[in-house]
Every structure is written in C-alpha cells, then in structure tokens.
Amino acid sequence: MVRWQIWVWGRLRKTASEVHLKKRRTQHRCMFVTLAVAVAVLLQNASSRSCADDRFFEARIRPLFIAHCFPCHTDAQADGGLSLESREGWVDRNVIATDAPGDSMLLKAVRGELPDLQMPPTDSEQQRLSAAQISDLEQWIRDGAVDPRVRVSSSSGPERRAREFRITDKDLKHWAYQPLASTPPDDRIGRTSAELVDYWVEAKLTANGLQPVPMATPRELVRRAYFDLWGLPPEPEVVEQFTANPSDEAWAALIERLLASRHYGERWGRYWLDWVRFAESNGYERDGPKPHAWRYRDYVIESFHTDKPYDRFLEEQLAGDLQIADSKPTIPQSSVAWRDAIIATGYYRLHVWDDEPDDSLAAEFDELDDVIVTTGAAVMGLTIGCARCHDHKFDPISQTDYYALLDLFRDIDPYGTTIRGGGSRAPGRIESWLCDKVELEKWTKEKDERIAGLELQLQESPEDQRETLQAQIRSLRDQRPPFDQALSIQVRAGERPVTHVLARGDYHSPLQSVSPAYPSVFHELGWLPSSSDAESFGQAPRNRLDFARWLTGPAQPLTARVLANRIWLNHFGRGIVETPDDFGYTGLLPANVELLDYLAQELIDNHWSIKHLHRSIMNSRVYRRSSSQASSVAQANAIKDPDNRWIWRQNLRRLDAEAIRDSFLKHAGVLHPKSGGPSVFTDLPNEIRDTANPISISFWGTSPAEEQNCRSVYLFVKRSLRDPILEAFDFANSHSPVGQRPITTVAPQALALVNDAFVRRQAEHLANRTLNVSPDPRQRARSLWWIVWQREPTESELESALSFLSAESANGSETERWVALARVVLNSNETLFVD
C-alpha cells in the first residue's frame, strides 16, 4: 500500500507546475486522500477475497483431491494425461471451465454424466464423491477455481512439456533438429579435412582464451593409434621405426595400415555391438542360446573391416529382406550381398526374450519396444521409448508417434524358440537358410521322397524289420539340410495385425488405430523425402525399407550427427555431445556444434565412409596432442577449462575390458589368430559354476584351451554369465543400448589382476618369453619393458626391478620370480591406460 501511495503521489506531482500545485494544494490533497482510500478499499477487498478463496481451496478442495484423485492423477501417475497436483496439470487438459462451470469435464465426470468417463471409474475401489463434496467443487469452479499451487520444477533440468501434446517453436529450433551448417570461411576452402577439424577446434580454443598443449611423443602416438583402431599394443619395432621418422607422411601411412587390417573391424565392430545390446543368449532365468547369433557379429566385423557405407549398413539391418526383394535381380540368391542382407536382420533378434511370460502378447509388445528403444538410441540419439505409455515428458515425441513407428515392425514374425525346461510360447520362425531356394526345395523333396518310400516299406515289412525301418524314418525326419543358417527375421505369415495406441501402454486398453508414420516433429521440420522420391517414399513410410532409407536421406541430419559423435567419442574418451544416446532435451548440449556438423557433413559427402572420418580425426593436430598436464600451458588451461571441454589436450584413457584382456594375450605371445566362426567358451572358475543357475550354466559349452586365447570379441556373450576379467573391467550391459561404457576404478580390479587364473597364465607366458631372451637379468628386464610398454626402462626402474627379483629370491625358483615381476608390470597404470 505504501508503495502504491508513493507512485500516485509522484504521478500527481508531474501533472502540474509547482505554482499551480501550491494554489491547488488543498484540492489535490483531498483528491489524493479520496483516491488513496478508494484504492486501499479495492486492494483490501481483493486481498480478503483472495485469502478467502485460498482458504477454501486448502480446506475443501486440496483434501478432496488428495483423498479421491491423487491415487491416479498426479504428475508421476497421470491417468488419461490428467494431473491434479498443480494448477498447470488441470489447465493443460482443459477439464475446468470457469466461464461455464456446468460444462466442466471434471464436474460432469464426478456427477456421472459421462457414460464413458466416470470418476471414480465403475471398477474402482474408490468411493464416489458425496453431494456435499460435489457442491464444494461447483462453488470452487464458480469462484474462479483459485489454485495457489505451482508445479515444482528444477531449474537445472529440462522443462516438462504441456499435458496437451503440441509441437512448439522451441521444438523446431532445438539444435539437434537443425540442418547441418558448418561452412568454413573462404580462406579455409581447399584445406584437408584434418586441417578443418583443427580449424573448428582451435576457433573454440581462441574464443575461450586457451592454448593447445604440445604434441605427443612418437611412442605415445603409435600406442594411441594401435589401441584406438585395433585394441592391441604395437610391436616394439613399429614404435622404433616411427620414432626414427615421425613425419606426417609416416603417420598417415601408419593409420592406413591399421585401417586396412581385420583387427580394425574387430575393434570397431565391438562398439556397434555395444550400441545394439548384442548377446548370444535370451536372458531371464534359463538364458538359453540364440542360434547362430555369431553370424551377425561376424557380419558387423566384416562390414567395418571393408568400410561398408553406413547407409547401406543400416539398410541391411533394418530391412535386408525387403532390400533383396526391392533389388531383384541385382542381388543374386546365395551371393555375399544376399547373405549379408539376411544375416543383418539378426539385429531384430538380439533383444532379451522371456520364454515363459505371464502374458505372451504383452511380452511381444515388450520386444517391439526393445527394438524401438535400440533404434532410437543407437541410430537417432532419441529416447523414443519414453513415449510408450504417454506422450514424452520432454521431447516432441507423442504416444501416437511411438505406435506409428512400432507399426513398421508389426510385419515381423515374433521371436520364439523351443527352450529346454518348459515355456509357454510357441516356437517362431527365427532362422533363415543361407542357400538358394531351389537347392533347399530340391533337398527337402528328396528327403520327403525317401521318407515316403521307407513308410511304404514299413507297411509291407514283417514285424522283425519294422523297428529298424522306424529308426531310419525318425533319423531322416530329424535330418537338417546341409546348408548354413542365420538368426534372422521372417515376415509374419497371414494378415498383419492392426496397431493401436495403447492407453498406459496396456494392450488391453486400445485407443485409436495407427499406420506407419514418421514422428510428427519431423513433418513440421520438413524432414520428408523430396518430391522426386515421392514414388519411393511418399509422405509416410510404407515399410521398414522406406524408414531405413529415410534415416540416411538428404533431409535428415540426425543420423549423421549421432554417428560422427560416436566416432569422436571413441577417439577422445568423450563425445562432442556427452550423452551419445540422447540428443534430446534431457541430453547435454554439444561442446562444439560447428565441429560436429562438419564431421557429419564429411561423413555424408564421402559416401558414409567411417574410415574417412577416422582419417579426418586422426590426422588432425588435436588428436595428436599430448595428454600430459605437466606443461605450463596445460596448467594455465586447467584453471579455465578443468574438464578439457574445448579439447586443448588429448584425454588420458583407461583401456576397456577387451583391450586389457587382448593386450595380455599379445604380451604373452599366445594370442590365437581366430577370425570369425562360432563363439568360444572360456573355462569358468569353479566358484562361478557352483553358484550359477544350473539351467543357465548347462548352456555353457567347452572350447579347446588354445582357442580360448582368441580375441575377446569372439567369446560367447551370455547375458547372465560373463568372463570374470571382462566383468571386472566394465564389460557392456547387453540388456540395453550402451553408447559409452562406464569406467570404474575399484579394488576388485586390482585383486583380479593379481589373483585371476587367466592373468597368472599370461604372466607365466610373458615371463618365459623374457627368460628366453638372455641369461642377463638386465637384458631380460629391458625385453619385458619393450614387450609391454614399447620403451626402454629408466635406470631407476631397472634397479627397482632387479631389487624386486632379489627380494623374491627366497620365495621360489627363478621362473617364479620373473612371473611375479610380470604380474607387477601387467598390473601397472602404464599397461592399463593409454596416453
């Protein structure tokens, strides 16, 4: 009130001159008093009424909501999309009409005037509102529905969407949905892609007052390149050769040699397997095997090795079967391309599978959800699965969008296989023969004819011959064609089921039916095929093939951004977008969107070549910088940018589980050259065998001891059981997409490196390699350093090693002492981290 009086008085002083004010001071004072009293009365009445309305809400309405409505209508549990937990909740759904209280949907529902919408529902245990309670609601609405509650939101988190789904201007302007835009200035045109990577990084460094640190040493660079592209340490002579000639040309040649090797496919194929939650077992209690899943793994490795264009790679996995039909006769049956297209559809069979669900149809929708979640995260960087039960709370993805995408996959025969031990689901068609259809039909016909002949003999044979003939018939019926098989999709036999939007994700509560469609936000953005492609695509995808081609089409920048970010992440330990599976509102903003867009455009312009992106990144100066923070430049930068967000240095990175295990085998000189084929089972410790589920462990096979020393990517991936070393060092969770593995540092890791039987065996092999070098302990120690770390030991390190061996002399033979030293070296940070 005092503030209002001051304002009025100030305005009055400005409306007349000082002389006029003196002459009329008495009149103005009377005016002011009258005005002030009137304003005060109005404000007092309004304040009194507001307080009364607030008190009425708190005394009558809020307790009613809490007792009768909150079990089903809060922000966390918003049945029908309605929350009564705050004013925003019921305003979003427009269920209260203060200008026409009798038309309020809320009142009609509690009165029972809406046959299809009665509150509480007729099957609910909640009691109906009394006449007095309904009268309170009516009075509250007539008085303007005063609701002092405000939805609580965190300023640090993303803003929740309105209850009524709509695409907003903010959605259309979200950074991840914008066209690729990263055009270098004119003076940079004609530069190499690596130079342009440096340009975009250094522009950010300059803008943030940072200086790049010096370049890494030649040894550090070689080790970095080998571990990045192969997941293996370099040979000592390779380090020596590059150190003697660390030129740009020698560096580029080294990268080309690494990219040309199948080891590259084994390394980078494993990343893709993480992204699509690859496993060779079904999960759940029995965790039975997925037949021939290893062929999909080999397909992925070979695709990376041969640098298959990423758009083709995606198309084969999402719609290889349709691709074959669309490309006839250009893809001959049984050709490599034909086999790849069939094997690639194993992508749809990688999910967890419950062989004994409570509800088979509900389980089928769970599996379809798994496919949508994986495709959204791995390919599009979107959390589409959040829209299964309701509109996405943050991103512009509606529940209708979700089910329109799900409908694309309803043509696939549901997963099913016979599981030993029971199961309530009928077997499905989950495998395909990798042979010419004519050959298969010929073989099947000959088999049927032989069976028919034996059955005819059986009818005419004496009793003493019948048992032999019956055994032959059973054997023939069990005989399988002599052709390869692959885990793959089969198109559903019969009529394709209609897909409905499901209320709360429950198939018992179907709403409107839907047809395949791109998410509505992409229609608003214009992310649709061009008119010239209308015959092929149309405004909505006809099938999975249209969808796959749209993902890498010219109007869609998201797919390229996501892949470029993943490649950068695995070269620097951190993505340009640090949430690689989430480019939506709940993800983090890119540190350098110009750099990301440039890399994405490079990927597209170079025919979706992943190897080209490796070259662009690894030949840049930013990739070759030191990870050390010891220099004065680094120390100054660390004050301004302690997290290295702007990449003024390379990041020190711990090796992942496979690189650690494979490196130990390489150091020991026993790495098996296995390259593809059925997966390998390692010998599990008795402690694991004794405590594992007996049914699950029964599916664990036995492989030759020598073959168990193969690269880790060829080990059998069982969801409920993992190799102990891989488990200790954060092997990927195979139940959901993993864009970036967690890196933990815990005591069990050090204990495993000291005590695990696998590590002890590799230490013994490494010690024997060292002992065979020379009888001189100093030469042996030098050899050990070169094998594991590719460098000379310092004099201090040599003396420490010899002192350790001397101290261990009382604890066993010479070999045992060197085994102990080898275990110390394998357990060191220099072995487990790459600079």
Side-chain angles (χ1 to χ4, degrees), residues 194 197-198 200-205 208 210-234 251 255 258 267-268 270-271 274 564-581 587-593 595-596 599 613-614 616-660 663 729-730 732 738-745 749 789 828-835:
V197 168
D198 286 325
W200 292 116
V201 173
E202 289 169 6
K204 289 292 184 182
L205 293 180
N208 288 278
L210 300 165
Q211 294 292 323
V213 299
M215 305 297 272
T217 66
R219 169 186 169 272
E220 290 171 340
L221 288 176
V222 175
R223 282 173 56 84
R224 184 182 299 170
Y226 265 75
F227 280 116
D228 274 11
L229 294 181
W230 282 12
L232 292 170
W251 174 249
I255 292 172
L258 295 176
R267 175 61 162 169
W268 279 79
R270 179 60 249 187
Y271 289 131
D274 278 11
N565 186 63
R566 293 186 187 280
I567 295 171
W568 183 273
L569 184 158
N570 287 298
H571 279 305
F572 287 88
R574 175 188 294 165
I576 300 170
V577 179
E578 294 185 46
T579 49
D581 294 336
L588 297 177
L589 294 173
N592 191 333
V593 70
L595 172 63
L596 180 61
L599 292 172
L613 229 50
H614 288 306
S616 300
I617 293 170
M618 297 181 71
N619 281 304
S620 69
R621 292 190 302 273
V622 62
Y623 176 82
R624 289 185 278 174
R625 288 177 187 145
S626 172
S627 64
S628 172
Q629 300 185 58
S631 68
S632 58
V633 171
Q635 291 172 11
N637 288 343
I639 296 172
K640 298 179 180 178
D641 181 22
D643 294 330
N644 192 30
R645 178 176 172 81
W646 308 116
I647 318 295
W648 44 269
R649 61 174 172 84
Q650 179 58 271
N651 292 307
L652 180 70
R653 288 169 285 151
R654 200 204 73 193
L655 299 178
D656 58 29
E658 294 94 329
I660 291 172
S663 294
F729 285 94
D730 311 307
V738 178
Q740 183 173 13
R741 294 186 191 178
I743 300 294
T744 63
T745 303
Q749 293 168 345
W789 295 330
S828 70
N829 278 351
E830 191 167 351
T831 305
L832 303 177
F833 287 79
V834 58
D835 292 315

Counting distance only, does the side-chain N/O of Arg223 pair as donor-acceptor with the main-chain N or O of Pro218 below 3.5 Å? no
Tell me whether the NZ or CZ atom of Arg741 lies within the 45° cone about the ring axis of Phe729 and under 6.0 Å from its centre. no
If you define the side chain from C-beta out and look only at heavy atoms, does anything of His571 sit under 4.5 Å from Asn651? no
Answer yes or no: is there an ion pair linking Glu202 with Arg625, defined by an N-O contact shorter than 4.0 Å? yes
Minimum side-chain heavy-atom gap Ser628-Asp835 below 4.5 Å: no
Smallest heavy-atom separation, Ile576 atom then Trp568 atom, equals CG1-CD1, 3.5 Å
Test side-chain contact (heavy atoms from CB on, under 4.5 Å) on Val197 and Leu595 and set out the steps. CA-CA 7 Å; Val197 168; Leu595 172 63; 4.1 Å; yes
Heavy-atom closest pair, residues Gln650 and Phe572: OE1-CD2, 3.3 Å
Backbone N or O of Asn637 within a donor-acceptor pair of the Asp641 side chain at under 3.5 Å? no
Check: Arg624 side chain, Leu221 main-chain N or O, donor-acceptor pair, under 3.5 Å: no
Taking Asp198 for the side chain and Arg621 for the main chain, is one N or O donor matched with an acceptor at less than 3.5 Å? yes
Specify whether Trp230 and Tyr226 have parallel, tilted or perpendicular ring planes, treating 30° as the upper limit for parallel and 60° as the lower limit for perpendicular. perpendicular
Which pair of heavy atoms, one from Pro742 and one from Asp730, lies closest together, and at what distance? O-CB, 3.2 Å
Work out which heavy atom in Leu599 is nearest to a heavy atom in Leu613; give both atom names and the distance. O-CD1, 3.4 Å
Check whether any side-chain heavy atom of Asn619 sits under 4.5 Å from a side-chain heavy atom of Ile255, and report yes or no. yes
Test Arg267 against every option in Asp274, Asp228, Asp656 by the salt bridge (Lys or Arg N to Asp or Glu O under 4.0 Å) rule and name the one that passes. Asp656
Taking the side chain as C-beta and beyond, is there a heavy-atom pair between Leu210 and Lys640 under 4.5 Å? yes
Determine whether Trp789 and Thr831 make a side-chain contact, defined as any pair of heavy atoms from C-beta on separated by less than 4.5 Å. yes
Measure across Ala216 and Arg224 and return the closest heavy-atom pair with its distance rounded to 0.1 Å. CB-NH2, 3.7 Å
Would you check if Arg649 and Asn644 make a side-chain contact, meaning some heavy-atom pair closer than 4.5 Å? yes
Counting C-beta onward and ignoring hydrogens, is there a side-chain heavy-atom pair between Gln635 and Gln629 closer than 4.5 Å? no
Check step by step if side-chain contact (heavy atoms from CB on, under 4.5 Å) holds for Phe227 and Arg653. CA-CA 10 Å; Phe227 280 116; Arg653 288 169 285 151; over 6 Å; no
Spatial distance of atom CZ (Phe833) from atom OG (Ser627) [nearest 0.5 Å]: 11.0 Å
Worked check of side-chain contact (heavy atoms from CB on, under 4.5 Å) between Asn570 and Trp268: CA-CA 9 Å; Asn570 287 298; Trp268 279 79; 3.4 Å; yes
Any donor-acceptor pair under 3.5 Å linking the side chain of Arg574 with the backbone of Asp643? yes
Intermediate values then yes/no, side-chain contact (heavy atoms from CB on, under 4.5 Å), Glu578 and Asn565: CA-CA 9 Å; Glu578 294 185 46; Asn565 186 63; over 6 Å; no
Do Ile567 and Ile617 touch side chain to side chain, with heavy atoms closer than 4.5 Å? yes
Return yes if a side-chain donor-acceptor contact under 3.5 Å exists between Asn592 and Trp200, otherwise no. no
Counting heavy atoms not belonging to Gln211, are there more than 12 under 6.0 Å from its CD? no
Which atom of Ser663 lies closest to which atom of Pro233, heavy atoms considered: OG-CD, 3.5 Å
Report the distance from atom NZ of Lys204 to atom CH2 of Trp646, rounding to the nearest 0.5 Å. 5.0 Å
Please check: side-chain N/O of Thr579 versus main-chain N/O of Asp581, any donor-acceptor pairing under 3.5 Å? no
Test log, rule side chain to side chain donor-acceptor pair (under 3.5 Å), inputs Thr744 and Gln749: CA-CA 9 Å; Thr744 63; Gln749 293 168 345; 3.1 Å; yes
Spacing of OG belonging to Ser626 relative to CE belonging to Met215, to within rounding of 0.5 Å: 10.0 Å
First locate atom CZ of Arg654, then atom CG of Leu832, and finally report the distance between them rounded to the nearest 0.5 Å. 7.5 Å
